[in-house]
Amino acid sequence: MSFPDIEYQMKMIMRGVEEIIHEEEMRVRLRKSLDTGVPLRIKLGVDPTASDIHLGHMVTIRKLKHFQELGHTSIFLIGDFTARIGDPTERSDARMRLTKEQVWEHAATFKSQVFRILDEEKTELRNNGEWFDNMTFADCLDLAYRSTVARMLERNDFEKRYKEGNPISITEFLYPLMQGYDSVALKCDVELGGTDQKFNLLAGRDLQIQHGRPPQIVMMTPLIEGLDGSKKMSKTEGNYIAVDDAPEDMFGKTMSIKDDLIVKYFNLLTDVDDDEIRRCGQALNEIEKHQDPDDPYHPMQIKKVLARSIVKEYKGSDAAAMAEAHFERVVQRRETPKDVPLVYVNLPRMLAYEVVSQCASTSKAEARRLIVQGAVRIDGIRVSDPMTEVDFGVDEKGLQVGKRKFYRLTLKTE
RNA sequence: GGAGAGGUUCCCGAGUGGCCAAAGGGAGCAGACUGUAAAUCUGCCGGCGCAGCCUUCGGAGGUUCGAAUCCUCCCCUCUCCA
């Protein structure tokens, strides 16, 4: 196996990396693999605690991909076992325990999402149940012996929870050790993670040394802010763009990020080259010079480029183009989208709120509110009385609820 | 094992016998505005056959005309002592 020269590799690897421990070790490792022709082993572990992979995960997954493209061995580790304990990172209270079944369900959907980006052929897909499932209690004690309570309490998450009188389960103390042991078991040269993972990542180095192996290099990527613009993108916050989102949603959600985040998103989620990103950043700092909406450096145009490249990466160019057209049509021009789902109704005449409740699957109270608030249009005409009667004749009726939900209604005929 | 504190609607958190479907904040939704699904402002924010009724304040019983609020038992969490 041959690899590109070290400086080229470093450039690829280091893009968007916030911290590396240690850069010099990385060079030494790369040198060695270049000399011996043996690829490095790069690990990224993800616990299947939820079924959606979102762009926050993709920052590290894309990094894994970069290594893969350079010819190294990318290991995607599914934490099927650790998911049942829960990573205490950034938690303010103990996690709910998941059952084995839930975990496997999530894991299955993970794979399909991850391999949109990673080359399945070249990826070493592992799960940590491989070694943890068969550990004896004695093995477990041996692992626990490797650290101390004081070390654990050094961690901010724990210290804070402890001080605030929130519960910390003993198993959560075990978590960093388990993640670290993954690195021992997989003989990792490098482990990737977000900056919030520092403690867990470093645990891997300690354990590797204790097992007489060279410590892994730890590479941390920045956390990416979600749609609310301040909190980190996460399932819990609901501020995320999911890999499985429909192309239009993915595009629209990207368009809704704060302007300040554009450059960061470019850096971490696209392969757009550095110079171009710099030009965009420059333009965003001088908005007054780019007031013409057709100017390619108008903030909205820049954001469209971003949205397009993100959607393209996961859904392909055609879908990206369609998503963009959809955005222009529905959001910018406030027109009805092209593909409106057809919904069958059972009765020839219904009250407006019943129609809304049925189609948009809201409660009836919610439907009434929406109507009163002016969110509902039937055939383009705003309906403001929930008790308005709607007749379903031969023709379809168009229903709009809020800005983004559209339905075509037609009477079900046997 | 002993002593104390606490578990409230999606989340945080107020409420200690009727005025409580339960303050306030966050999230969410809607309207206006906008390059934008941003920001801001305004409104909504348990359900239903909706001026009324039903379900909710860890769980199960009980007291009372009436309970998130009082009593009993149970479950869970935290703190201190051992």
Side-chain angles (χ1 to χ4, degrees), chain A residues 90-97 158 160-170 172 225-242 245-265 280 283-284 287-308 310-311 323-324 326-335 337 350-354 356-358 360-377 382-387 399-406:
Chain A
E90 303 263 297
R91 299 295 298 185
S92 53
D93 46 358
R95 263 186 207 268
M96 286 275 293
R97 291 194 62 185
F158 285 144
K160 201 164 158 239
R161 274 161 70 179
Y162 192 66
K163 278 189 179 150
E164 286 172 358
N166 286 321
I168 302 171
S169 149
I170 302 272
E172 292 183 88
E225 287 84 354
L227 301 177
D228 56 301
S230 54
K231 294 199 190 105
K232 101 173 184 195
M233 188 179 284
S234 75
K235 176 92 178 172
T236 339
E237 290 296 334
N239 60 353
Y240 64 100
I241 304 176
D245 274 341
E248 305 85 63
D249 286 339
M250 205 174 209
F251 194 96
K253 284 181 179 178
T254 307
M255 290 305 287
S256 83
I257 62 165
K258 283 213 298 201
D259 290 358
D260 311 359
L261 289 174
I262 294 176
V263 168
K264 190 166 182 181
Y265 271 51
C280 291
L284 288 167
I287 292 184
E288 63 288 349
K289 288 190 191 163
H290 304 280
Q291 287 298 318
D292 176 4
D294 291 327
D295 182 332
Y297 288 100
H298 183 282
M300 194 185 58
Q301 296 298 343
I302 295 178
K303 222 190 260 185
K304 278 188 180 174
V305 172
L306 175 67
R308 211 181 296 143
I310 289 177
V311 177
E324 183 165 2
H326 177 271
F327 181 83
E328 288 172 353
R329 190 183 171 105
V330 179
V331 180
Q332 297 191 286
R333 295 200 301 271
R334 301 258 168 116
E335 291 168 11
M350 287 164 90
L351 297 179
Y353 78 91
E354 293 173 327
V356 171
S357 148
Q358 246 183 54
S361 57
T362 61
S363 70
K364 288 176 184 162
E366 178 85 43
R368 279 167 189 277
R369 270 179 239 127
L370 287 166
I371 292 173
V372 171
Q373 289 179 140
V376 173
R377 287 165 190 270
R382 180 168 283 173
V383 177
S384 50
D385 180 3
M387 303 305 278
L399 171 70
Q400 178 179 3
V401 181
K403 288 197 181 76
R404 291 187 272 144
K405 285 182 234 142
F406 297 89

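A note on names: the letters A, B, ... follow the listed sequences, proteins ahead of strands, and every chain is numbered from 1.
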Subject >> Pair assignment for B/U55, Watson-Crick or G-U wobble, requiring both distances under 3.5 Å >> reply: none

Subject >> Nucleotide forming a Watson-Crick or wobble pair with B/A23, both distances under 3.5 Å >> reply: none

**OP:** Take A/Met250 and A/Lys405, find for each the nucleotide of RNA chain B with the closest heavy atom, and name the residue whose nucleotide sits nearer the 5' end.
**Re:** A/Lys405

**OP:** Return the nucleotide paired to B/C44: Watson-Crick means purine N1 to pyrimidine N3 with N6-O4 or O6-N4, wobble means G-U with N1-O2 and O6-N3, both under 3.5 Å.
**Re:** B/G28

Original post:
Mapping A/Arg404 and A/Val401 onto RNA chain B by nearest heavy atom, which one lands closer to the 5' end?
Top reply: A/Val401

Original post:
Which atom pair, heavy atoms only, marks the closest approach of A/Pro299 to A/Ile262?
Top reply: O-CD1, 4.3 Å

**OP:** For A/Asp259, enumerate each residue passing the salt bridge (charged side-chain N to carboxylate O under 4.0 Å, His left out) test, keeping only those at least two apart in sequence or located in another chain.
**Re:** A/Lys303

Original post:
Contact class for A/Glu328 (heavy atom, under 4.0 Å): base, sugar-phosphate, or nothing?
Top reply: nothing

**OP:** Examine B/G31: is either OP1 or OP2 under 4.0 Å from a nitrogen or oxygen in the side chain of A/Lys403? Give yes or no.
**Re:** yes

Original post:
Can you check whether A/Arg382 has a side-chain N or O nearer than 4.0 Å to OP1 or OP2 of B/A32?
Top reply: yes

Original post:
Could you give the distance from CZ (A/Phe327) to CD (A/Gln332), rounded to the nearest 0.5 Å?
Top reply: 5.0 Å

Subject >> Contacts of A/Arg334 that satisfy salt bridge (charged side-chain N to carboxylate O under 4.0 Å, His left out) - sequence neighbours left out >> reply: none

Original post:
Hey, does the side-chain of A/Asn239 have a donor or acceptor N/O within less than 3.5 Å of a partner on the base of B/G28?
Top reply: no

Original post:
Along nucleotides 43-50 of chain B, 5' to 3', which nucleotides get a B, which get an S, and which get a -, given that the test is a protein heavy-atom distance under 4.0 Å?
Top reply: BSS-SSSB

**OP:** Could you tell me which residues satisfy salt bridge (charged side-chain N to carboxylate O under 4.0 Å, His left out) with A/Lys264, sequence neighbours excluded, listed by chain and number?
**Re:** A/Glu225

Original post:
Under a 3.5 Å cut-off for both distances, is B/U36 Watson-Crick or wobble paired, and to whom?
Top reply: none

Original post:
In whole angstrom, what separates A/Tyr265's OH from B/A38's P?
Top reply: 13 Å

Original post:
In chain order, what residues pass the salt bridge (charged side-chain N to carboxylate O under 4.0 Å, His left out) check against A/Arg368, with sequence neighbours excluded?
Top reply: none

Original post:
When all nucleic acid strands are considered with a 4.0 Å heavy-atom cut-off, which category describes A/Gly252: base, sugar-phosphate, or nothing?
Top reply: base

Subject >> B/U77 pairs with, by Watson-Crick or G-U criteria that keep both distances under 3.5 Å >> reply: B/A5

Original post:
What are the two closest heavy atoms between A/Tyr297 and A/Ile302, and how far apart are they?
Top reply: O-CD1, 3.5 Å

Original post:
With a 4.0 Å cut-off on heavy atoms, is A/Gln332 in touch with a base, just the backbone sugar-phosphate, or nothing at all?
Top reply: sugar-phosphate

Quick test: give all pairs of protein nitrogen or oxygen and nucleotides 75-79 of chain B nitrogen or oxygen below 3.5 Å, distance rounded to 0.1 Å.
from, atom 1, to, atom 2, distance (Å)
B/C78, O4', A/Gly165, O, 3.4

Original post:
Does any nucleotide pair with B/G17 by Watson-Crick or G-U wobble geometry, both distances under 3.5 Å, and what is it?
Top reply: none

Original post:
Expressed as a whole number of Å, how far does the P atom of B/C10 sit from that of B/C75?
Top reply: 26 Å

